[in-house]
S.K.: 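Below are the structure tokens for one structure; questions will follow.
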Amino acid sequence: MRVPRCREPDLLELPVSSLKGVGPRLGPRLGKLGVERVADLLSLLPQRYEDRTCLKPLGALAAGEKALVEGGVDVAEVVFRRRRSLLVRICDSTGSVTLRFFHFSPGQRERLSRGVRLRCFGEVRAGAVGLEMVHPEYAVVGPDTGPPETTLTPVYPATEGLNQPRIRRLVRQALDAHARAPLPDYLDACLPEGWPRLDEAIVSLHEPPPGAAFAELAAGRHPWQRRLALEELVAHRLSLRRAALDLGSAERAPCVVDSSGRLDAFRGALPFRLTGAQERALDEILRDLAGDKPMNRLLQGDVGTGKTVVAAAAALAASGAGFQTAVMAPTELLAEQHAATFRKWLEPLGVAVAALSGSMSAAARAGALARIARDGTAVAVGTHALFQESVRFERLGLVIVDEQHRFGVQQRLELKRKGERDGRVPHQLVMTATPIPRTLAMTAYADLDCSIIAELPAGRRPVATAVMQERRRPELVERVGAHCRAGRQAYWVCPLIEESELVDSRAAIELERALTAALPGVRVGLVHGRMKGADKDAVMRAFASGALGLLVATTVIEVGVDVPNATLMVVENAERMGLAQLHQLRGRVGRGDEASTCVLLYKPPLTDVARARLELMRSTSDGFVIAEKDLELRGPGEVLGTRQTGLMQLRIADLVRDADLLPLAVRVSEELLERYPERVVPLIRRWVRSGREYASV
Ligand code: ADP
Ligand code: MG
């Protein structure tokens with residue numbers, strides 16, 4: 001029997017603890033840097049580089065640069081000015097520089113005496129008496145001193161207890177293993193002319209030759225860096241695509257074909273005509289529904305573009321084909337509003353609409369549950385309560401999730417399972433008003449097909465946005481009063497104090513009191529997150545019917561609420577809110593034919609970022625522009641919501657900096673799926689942490 005040998009390529013696959021010098025203490029520290037296996041060291045890229053490849057003449061030094069220098073000690077003395085320090089001046093034939101040490105040992109002081117030759121590396125700065133280097137790295141030049149480095153010196157991300165020389169030694173071991181048995185280059189056949197090969201990129205990034213383009217490296221835009229970033233993006237996209245393809249190929253959905261002709265009646269009964277964009281989206285949805293593959297479609301449309309009516313038409317089609325639809329909203333308020341809207345549109349056509357909310361009475365809930373279980377064509381509207389154990393659908397054919405960014409990928413998959421029946425899963429339509437930056441759509445949402453409603457209904461006017469300082473509040477209160485007395489309505493959105501509904505709700509109550517007192521003759525209502533669903537509903541209904549003129553609200557009204565006569569909005573503490581949230585809030589006005597205004601109230605002083613954000617809100621109402629900016633300012637984790645951050649833990653690529661790589665990443669990943677399917681799993685495993693277990697099956 002042969003003893004199995006550890007083949008070379010396997011070393012890179014082994015846990016990093018199999019390297020020399022990595023013990024139980026170092027292992028976890030490397031883990032913090034995302035290094036678990038030896039191969040991970042290869043993608044642990046330097047944060048920056050230092051040029052220690054040539055000795056700089058002392059006379060050529062300039063403040064601000066980092067340099068490698070050599071010179072003989074000319075003067076060494078301890079001085080006591082503000083702080084005790086050791087000053088050592090070294091000279092060469094071109095000039096001199098002073099080394100300054102605040103901490104030094106007696107031995108050190110002795111060694112750094114006149115006549116000794118030193119080689120130093122450090123940052124040059126302008127001191128009191130000429131150029132100096134504070135605490136440079138240095139070594140005494142002796143017979144063993146070699147020439148300067150032959151490559152740029154990498155500086156790796158540091159973590160406590162893991163210094164640069166140590167990381168370099170570990171990376172060296174990984175590079176040696178790679179030299180003996182290189183990582184396979186999975187992209188080589190798919191990349192356009194001129195892209196570096198994987199091997200070149202890896203080796204060069206750890207040991208760049210002296211002539212390497214320093215500025216490009218520093219900016220993360222060097223072709224070597226881009227080669228790895230591209231590969232990482234491809235891997236992430238593939239992990240989602242593969243999940244979708246796997247599911248898609250195995251799963252079947254009911255074919256939903258509506259032959260009842262009620263869609264025309266539905267269109268005819270609407271008080272408006274669907275826009276071209278709405279018709280196109282509906283068309284795409286109906287086509288998906290008619291197939292036996294589960295629809296997995298994202299309906300994107302900025303606030304106010306009219307996604308709800310498209311969803312209702314889809315539900316009507318499902319009902320016409322004998323299937324139920326579940327409509328899920330992120331908040332009770334929104335669920336109630338959707339229920340009302342769906343009732344208004346669908347019940348006249350004979351489709352029962354059942355609402356299910358967490359705050360219903362037991363009897364009402366039981367009634368709704370019975371109806372959902374019995375009536376195979378009903379539409380059920382609710383919050384995630386819809387997907388609790390006790391809810392049984394008779395024949396669920398379509399699941400619609402509104403404002404999908406509040407729900408994660410995981411929940412999306414759970415919903416699907418919940419609706420499974422006789423081996424068929426329901427179709428799924430997710431709607432979002434948060435325009436998803438193109439870059440995220442291509443990566444984090446790669447498992448969804450996308451319909452976009454990029455057109456507002458005719459007659460809408462963009463909301464005029466003003467940015468106003470807190471001290472002009474009295475003037476603003478007067479303006480709101482005049483607005484409401486003229487028969488129009490307004491929102492006043494309360495300060496966002498902290499992530500606490502309790503605190504925010506209290507602030508809302510106080511504000512409502514103050515505004516009621518300041519505005520006699522205006523009926524003021526209040527909704528906040530701690531009110532009971534029924535109470536909130538009553539206030540909202542009163543506001544929607546026009547009985548209330550001014551609605552004071554916390555950010556609970558952020559999503560979906562629709563009152564066209566409300567044409568003025570004040571947002572307090574706007575400087576603290578995220579761009580996407582402000583955009584959502586602002587979308588509550590400008591929903592009718594009247595011109596609308598949004599006033600962003602802020603408390604100075606503003607940080608530069610806050611100022612830039614408010615200015616952006618003032619100057620554009622384009623949700624996509626805002627979303628791109630939001631991504632840039634807050635990063636993909638925030639924009640996607642915490643639930644999805646795990647999916648997008650990129651180590652090298654940066655969705656903002658590398659956005660231009662995405663079209664190529666899409667092309668390459670499709671080509672891999674088609675021509676080199678056997679490379680897909682190893683590639684995912686190389687880059688996607690959460691994909692490791694998944695991909696190892
Ligand atoms: P959102 O896409 O933000 O969810 P809604 O579906 O709430 O938008 O629609 C906003 C408002 O526009 C609603 O009052 C809706 O009835 C109305 N609406 C939808 N489609 C049209 C249209 N084609 N023409 C005019 N008004 C429309
Ligand atoms: Mg909506």
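The residues of the chain are indexed from 1 along the displayed sequence. All heavy atoms count here, side chains included; hydrogens, waters and symmetry mates do not. In listed order, ligands and their atoms are each counted from 1.
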S.K.: Applying a heavy-atom cut-off of 4.0 Å, say which part of Arg273 lies close to ligand 1: side chain, backbone, both or neither.
M.R.: backbone

S.K.: Counting heavy atoms only, which of Ala458, Gly304, Ala312 is nearest atom 3 (O) of ligand 1?
M.R.: Gly304

S.K.: If you look only at distance, which donor and acceptor atoms sit under 3.5 Å apart when one is on a side chain in residues 477-487 and the other is two or more places apart or in another chain?
M.R.:
residue : atom : partner : partner atom : Å
His483  : NE2  : Gln489  : O            : 2.8
His483  : NE2  : Thr567  : OG1          : 3.3
Arg485  : NH2  : Pro520  : O            : 3.3

S.K.: What atoms of ligand 1 come within less than 4.0 Å of a heavy atom belonging to Thr308?
M.R.: 4 (O), 5 (P), 6 (O), 7 (O)

S.K.: Using a plain distance cutoff, I'd like to know if Arg591 has any nitrogen or oxygen under 3.5 Å from a nitrogen or oxygen of ligand 1.
M.R.: yes

S.K.: Taking ring pair (Phe, Tyr, Trp, His ring centres under 6.0 Å) as the test, write out the residues that go with Phe543, two or more places apart.
M.R.: Tyr491

S.K.: Say whether Gly301 and ligand 1 are in contact under the criterion: heavy-atom distance to a ligand atom below 4.0 Å.
M.R.: no

S.K.: Closer than 4.0 Å to some heavy atom of Thr275 - which atoms of ligand 1 meet that?
M.R.: 23 (N)

S.K.: More than 12 foreign heavy atoms under 6.0 Å from CZ of Arg473: is that the case here?
M.R.: yes

S.K.: CG/Asp449 to CD/Gln428 distance, rounded to the nearest 0.5 angstrom?
M.R.: 12.0 Å

S.K.: For Thr465 and Arg618, indicate whether the former's side chain and the latter's backbone hold a donor-acceptor pair under 3.5 Å.
M.R.: no

